Structures are given as C-alpha cells and as structure tokens.
*Asks:* 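Let me begin by handing over the structure; questions about it come next.
Small disclaimer: the values here were computed from a predicted structure and weren't measured. Proteins get letters first, then strands, A, B, ... in listed order; numbering begins at 1 in each.
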There are 2 protein chains.
Amino acid sequence: MVKAADRAKNPARSSVWLEKRATRGGGGPAGLDRDRIVAASIRMLDEEGLSKLSMRKLATELGVTAMSLYWYVDTKDDILEYAMDSVYGEIDLAAVDAAADWRDRIRLLALDYRRMLVRHGWMSPSAGQYLNIGPNAIAVGQKIHDTVAETGLSLDRRPSAMSAVFQFVYGYGTIESQFGRRAAEAGMSQDEFYVDSVNAFRDDPDLTEQVEGLKEILDERTSHDSLSVIWDRDFGYALDVLIAGIEVMVAREAEAPDGTRK
Amino acid sequence: MVKAADRAKNPARSSVWLEKRATRGGGGPAGLDRDRIVAASIRMLDEEGLSKLSMRKLATELGVTAMSLYWYVDTKDDILEYAMDSVYGEIDLAAVDAAADWRDRIRLLALDYRRMLVRHGWMSPSAGQYLNIGPNAIAVGQKIHDTVAETGLSLDRRPSAMSAVFQFVYGYGTIESQFGRRAAEAGMSQDEFYVDSVNAFRDDPDLTEQVEGLKEILDERTSHDSLSVIWDRDFGYALDVLIAGIEVMVAREAEAPDGTRK
DNA sequence: AGAGCTCTTGTACGGTGTACGAGACCTGGT
DNA sequence: ACCAGGTCTCGTACACCGTACAAGAGCTCT
C-alpha cells in the first residue's frame, strides 16, 4: 500500500493501475470491499456530481467512517480512477463486433462513448485528468484501434483518425453533459434552460450587439425541434463528416501510395 | 454585488458575464484592481496549476489578504471566468482574416485554439465547467461561425461541422496539455515521460497481455521523431480528415440540394 | 469637523483530504 | 486455553480551503 504523500513524490507512477497492490478482501465487520466502495461512489457521483463527493459522505453512505475507506484505497483519486474504469465497461463492445463494417462500428462506438459521458457527468472532467489505463478503458481503446485499422488507412495516419473521431466525441459529450448538469442544477428541463439562457443573452445589450446575427440562429434552432433531437442530429451529421473525411484520405492513399504523396 | 450564497440559488444566472456589475476601481491603498488580480491568477495558474490556486495564495502574491479580493470579485469562480476570457484573447483573429480561404482559416483557428489550451493547462478542465460567454470567447465563437458559413454548408449542417472541428481541437488540446502537465510534474521531458510510461506498461504483465500488438506501435511511433513532432503531425492529419469531410458534405449538398437529400 | 464612500483586514465557521495510533475482531499455532 | 499476528475500523488531529461578517482605515466632500 502506498501513502498519498509517497505517491505524490513519483507522479510518473501516479495511477492506481500502475501499482501492484493486493486487493484487500472484505470479510471485515463492516462488510466493506472495494467493489462496494466503487459502486457507491458511482451512484453518488451520478446523483450529486463530482464536487459533492467527499470521503466522509461516501463513508456515511456505506455506514462507516471516512478513514475506513483508506484500508481499501490509497487516495480519493484512486476511487475516481476505479469508478471511471468501471463506467468504461458500459460500452458494449460485443455490439460493435456485430456491426456490418467499420463505418457502423465507428458510429456505434462513438454513440456509446457519448452516451456514457452524458450519463455520467463527472466523467468528462475526470477523464481529462487521469491516465485511463484500467482494463475496461484499454479494451475500448483496443477496439477503437482495431476499427480504425479496418478502414485501410496507413499506419501513420491511424492515430490522427482515431483522434479526430474520439476527441470530437469527448468534446461533444463534455459540452452536452455539462449543459444537462447546469439545466438540472437550475431545476429546469434542457429546453427551458436553453430558452432561458438565450433570453439572458438577449437582455444584455453588450452581448447582443457583439453577436448580431447569432441570436436568430439560436432561435431558429429550437423553434422546430427539442434540444435532445438537435443534440442527436448534430452528432450524427458530425460523424458523417468524419467518416466521409476518412474515406477521402483512404482514397487519396490508394491513388498516390507511400511517399509519392506530396 | 452578489454573494456567493445567493449566486448558488439561481444557477441559471451563474456566470459573471450575466451579472450587471460595476467594475470597482483600484485607487485603494493596495493599488489593487480586477485586471491585476486576473493577470496574477493567470500567471499562478500557468505556473502551479489549477488545483494549487487558492484565494489566500493569490492574495499573498498580490501583497494583500484573501478577503480583499472579494471587493473586486464575488467568488473564486469569477476569477477563473475572467482569466479564461482573457486567455481567449490570445487567439489571433486578425491573422485568421488574412488567410486565403476557409480551409486555411479553419487551420489557423484550430492551431491557435490548440496552442492556447496547451499553453494554459488549466483551461481545458475549466472550459468544460463554465459558460464561456465573455467578450473574447464570443468573438472567437463568432469567427468560427463565420468561417464555417464560408464553406457553403447548409445552415442546419453548420453547427455539426463546427462541433466536429472544434470539439476535436478541444479534446486533442486537453490530452496534449494534460500529458505535458504530467511530464512536468514528474520532472521529465515529454519524450522521457513517454518512454517511461511505455516501460511501465511493458513491465505490467496484465496490461501487455491485453493489448498485445499495441506496444510495437507505441515503440515505432517514437523511434523516429520526438513527441512534439508527432503531436503536430497527427493534429495536421486530423484537420485534413475534417476538412476533406466538410468538402464532401458540401459537394453532396450541391448534387442533391434541399430536401431531396435522403 | 463630521458624514459617507471606498477599500482592507481579522476573525471565525464549516467544510475538505488524510496521517497517525489505538483498538476490535478473527485466525492459527502452541 | 492462551496468545501472537494479521485484518479491519475508528477517533482524533492537522493543515488547508472558500467565504460570511463586522470592524476599521483612509480619502473626499460638505
């Protein structure tokens, strides 16, 4: 077991997944174990949000004192890393295998990834902060990697294609989920919250002056469909763009193979 | 002026930019003003990172007590919002206007945006959390919007094209900057840190077993070029994919205009 | 001189993560 | 039966955080 203070001294090894550690078993008086701790954290994170999770509250939820948790875990960050990897397990890799070709596979992966980010609003901020090399996260990465390989793109182009697609999904899911979180905090539906925000904008002379023209677009967008429809549609369109782009790059490589490419 | 407790009661209005507030002037004994506070925060954030910035430390840096800051600002979050918008100002919009066509404009905007995220590692986590509707952020948004309009893409496709490009940049910049931050914390160069991480991977039998094949790719990638070259190249390739994708969508719309599109 | 505004400070409250040491419980060896 | 040693839980304490509140300092205007 590694104390938090020691962990900080060697940040290169600062992921739970890079420490060889014994899983400490849960036969104790309180019936605690790491799985129960992680499951409870996920529940609380989903309900209350990242900033509201504290060791003391989590412990209370489990009928235990804060310091008991430290028997199973070195730091609070560890709990978050475990929780994140557990959530990565929600991505249905079997369904991806069943898809017809790489285009559908990318769409499925992207959609599932996005859903995961939106369902668990604390994931986006956390995912940017930790290494994400737990077993489930790696399985997802591997699947993404294999899928991109199927496109026929040359080896040195694959990482950028992966980036283009999945960093987009990360960014999109982040915005979408933060928007949902804000709406929820304000006690409104997303549509109400959107209208409210646009109005706040319109009431501010400095802002409306600067973005003249933008307001009409905002209005137009929600006049026909609800926000959730728009989120889905925009996401689908963006994936169209990305897939079309990959196809073009593959075709260009076929025309001018290896090195002869300008 | 709005107390933090009151602000929390109405989260829909929870951005500095949506409060009409007087800028309180800095003729006081300590020579403080909001610009000085924001500038100092940015300096400290760049040097020490988001988690290390506290009101007490910031105040000490300015030769003042923590509570003095609250004369100019309602909450710590306000400072972050101001700092973020100030940093958005680093994106050189004039240079974008000088570019030849929308392709170059997108490239320039994307590159500048990415550079900003990497230079200020605290931006990514913060940007996901606040509304980002300060004057500079809005000017950038407007420019992005205008640029996408130039592509000729139909109105309802534009938001998704904007998303595809700039959410990708956000995600990419986030990863790149977090990687840099971790390397710096470990006291290594990025290349050293990368080799070190890959080795940590290789030493872990569970991981290497699972991602068999991945290791070779990782090795191959850094055997020729340094990481910073790879970051640049992958980013450029990904933009190629995105721009090619947009071109395809524009062409498809030209073939099968309005509504006749399946 | 005194009123009033602008700005700064000291003190205090309720929270946080977690280090440390004392104890409770169970198990196996004698 | 006893006790040593591991496994697990807890109480206390420390340093730090954001910030509410009220008292005061300094300046300007009447």
*Asks:* Taking salt bridge (Lys or Arg N to Asp or Glu O under 4.0 Å) as the test, write out the residues that go with B:R36, two or more places apart.
*Replies:*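 Applying salt bridge (Lys or Arg N to Asp or Glu O under 4.0 Å) to B:R36 gives none.
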
*Asks:* How would you list, by chain and number, every residue that makes a salt bridge (Lys or Arg N to Asp or Glu O under 4.0 Å) with A:R114, sequence neighbours excluded?
*Replies:*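 If we apply the salt bridge (Lys or Arg N to Asp or Glu O under 4.0 Å) test to A:R114, skipping adjacent residues, the hits are A:E176, A:D232.
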
*Asks:* Using the test side-chain contact (heavy atoms from CB on, under 4.5 Å), find all partners of B:T65 that sit at least two apart in sequence or belong to another chain.
*Replies:*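 Here the qualifying residues are B:S68.
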
*Asks:* Just to verify, what does B:K143 make a salt bridge (Lys or Arg N to Asp or Glu O under 4.0 Å) with, not counting sequence neighbours?
*Replies:*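 With neighbours one apart ignored, the set is B:D97.
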
*Asks:* Output all residues satisfying ring pair (Phe, Tyr, Trp, His ring centres under 6.0 Å) with A:Y172, sequence neighbours left out; order by chain, then residue number.
*Replies:*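 Ring pair (Phe, Tyr, Trp, His ring centres under 6.0 Å) list for A:Y172, sorted by chain: A:F168, A:W231, A:F235.
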
*Asks:* Not counting sequence neighbours, which residues clear side-chain contact (heavy atoms from CB on, under 4.5 Å) with B:K3? List them please.
*Replies:*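 B:K3: side-chain contact (heavy atoms from CB on, under 4.5 Å) contacts with B:D6.
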
*Asks:* Considering only heavy atoms from C-beta outward, does the side chain of B:I175 approach that of A:Y170 to under 4.5 Å?
*Replies:*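 With C-beta onward as the side chain, the pair stays apart.
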
*Asks:* List in numerical order all residues of residues 35-51 of chain B for which some heavy atom is under 4.0 Å away from an atom belonging to DNA chain C.
*Replies:*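 None, since no heavy atom is under 4.0 Å.
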
*Asks:* I'd like to know if the side chain of B:E81 pairs up with that of B:S15 as donor and acceptor (distance under 3.5 Å, no hydrogens or angles considered).
*Replies:*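 Judged by distance alone, the side chains do pair up.
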
*Asks:* Tabulate protein N/O versus nucleotide N/O from nucleotides 4-6 of chain D, keeping only pairs under 3.5 Å, one per line.
*Replies:*
none

*Asks:* Sorted by first residue and then second, give each ring-ring contact (aromatic ring centres under 6.0 Å, His included) pair with at least one member in residues 38-90 of chain B; sequence neighbours left out.
*Replies:*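 Sorted result for residues 38-90 of chain B: B:W17-B:Y82.
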
*Asks:* Could you check if a side-chain atom of B:I79 sits within less than 4.5 angstrom of a side-chain atom of B:L58, using non-hydrogen atoms only?
*Replies:*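 Side-chain contact under 4.5 Å: yes.
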
*Asks:* Could you tell me the boundaries of the chain A footprint on DNA chain C, defined by atoms under 4.0 Å from its heavy atoms?
*Replies:*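 Range of nucleotides within reach of chain A: C:dT16 to C:dC20.
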
*Asks:* Look at atom NZ of B:K52 and say whether more than 12 heavy atoms of other residues, nucleotides or ligands are closer to it than 6.0 Å.
*Replies:*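 Not buried by this count: 12 neighbours or fewer within 6.0 Å.
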
*Asks:* Taking ring-ring contact (aromatic ring centres under 6.0 Å, His included) as the cut-off, I'd like each qualifying pair that reaches into residues 112-132 of chain B, sequence neighbours left out, listed once.
*Replies:*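 As it turns out, the ring-ring contact (aromatic ring centres under 6.0 Å, His included) pairs with a partner in residues 112-132 of chain B, which skip direct neighbours, are B:H120-B:W122.
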
*Asks:* How would nucleotides 10-21 of chain D be written as a contact map, 5' to 3', with B for base contact, S for sugar-phosphate-only contact and - for no contact, using protein heavy atoms under 4.0 Å?
*Replies:* BB-B---BBBBB

